[in-house]
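Reviewing the structure listed below.
Numbers for residues simply follow the sequence, beginning at 1.
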Amino acid sequence: MDFIGIVDTVRDETPLGARIFSEEQDVAIRYYALRPLVYTYKDGAPLAYTNPEQLLKWNDQYKVINKLAYVRKFPFRRKEFINAILEFSKNAGAEYLILAEPYDPNLFYPKSLSFVYSNDNYSLYKITP
């Protein structure tokens, strides 16, 4: 139900056309919430057949995401992870970021992340310049 809660919030609380990056790269953002998802690993195969230039960009992003997934495993590296995923999101053109964790006011969040919504497993932030 938490996943449904986050995609409902994206659908209901973000403007149409708002670009989203989800840490878990959930394509439900595209097909249920009807918002552009700036990156998902699932885009690789279609790009291989349709857009070789975009595939190269996707491949670079894929490598970064794999490194971030490794860093994410270590709680003591959380600040590094949050800063890096925010940078990735901004570089990909995202306006909102979904993290696979609840919001905790006692943890580090960069000033350019504005809290929007949280449940027990996900949190949504607006990315501000």
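Of the inter-residue distances, the one linking S123 atom OG with D2 atom CG reads 11.0 Å to the nearest 0.5 angstrom. Distance check, rounded to the nearest 0.5 Å: CG of N66 to CG of L68 gives 9.0 Å.
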Quiz: residues 58-65 side-chain donor-acceptor pairs under 3.5 angstrom, not counting sequence neighbours:
unit_1, atom_1, unit_2, atom_2, d
W58, NE1, T40, O, 3.0

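Here Y70 sits in one hydrophobic cluster together with F74, F76; the rule is ILVMFWY side chains under 4.5 Å apart, joined directly or through other members. Cluster partners of Y31 are F3, I6, V7, V10, I20, V27, I29, Y32, L37, Y96, I98, V116, Y117, Y122, L124, counting Ile, Leu, Val, Met, Phe, Trp and Tyr whose side-chain heavy atoms approach within less than 4.5 Å, directly or via other members.
When the shell of 6.0 Å around OH of Y41 is examined, it contains 12 or fewer heavy atoms from other residues, nucleotides or ligands.
Ring centroid separation for the pair F21 and F88 comes in under the 6.0 Å cut-off.
One N or O on the side chain of Y109 and one on the backbone of D104 form a donor-acceptor pair closer than 3.5 Å. In this structure, R19 contributes its side chain and G93 its backbone to a donor-acceptor pair below 3.5 Å. The main-chain N or O of A28 is never found under 3.5 Å from a side-chain atom of D26 such that the two would form a donor-acceptor pair.
One hydrophobic cluster holds both L113 and F115 under the rule that ILVMFWY side chains link at heavy-atom gaps under 4.5 Å. Follow the hydrophobic side-chain contacts under 4.5 Å out from L34 and you never reach Y39; the two are in separate clusters.
The salt bridge (charged side-chain N to carboxylate O under 4.0 Å, His left out) analysis of residues 72-84, with sequence neighbours excluded, yields the pairs E23-R72, R72-E101, R77-E80, R78-E101. Residue pairs meeting the salt bridge (charged side-chain N to carboxylate O under 4.0 Å, His left out) criterion with at least one partner in residues 41-51, sequence neighbours excluded, are R30-D43. Annotation: salt bridge (charged side-chain N to carboxylate O under 4.0 Å, His left out) contacts involving residues 6-15, sequence neighbours excluded, comprise D8-R11.
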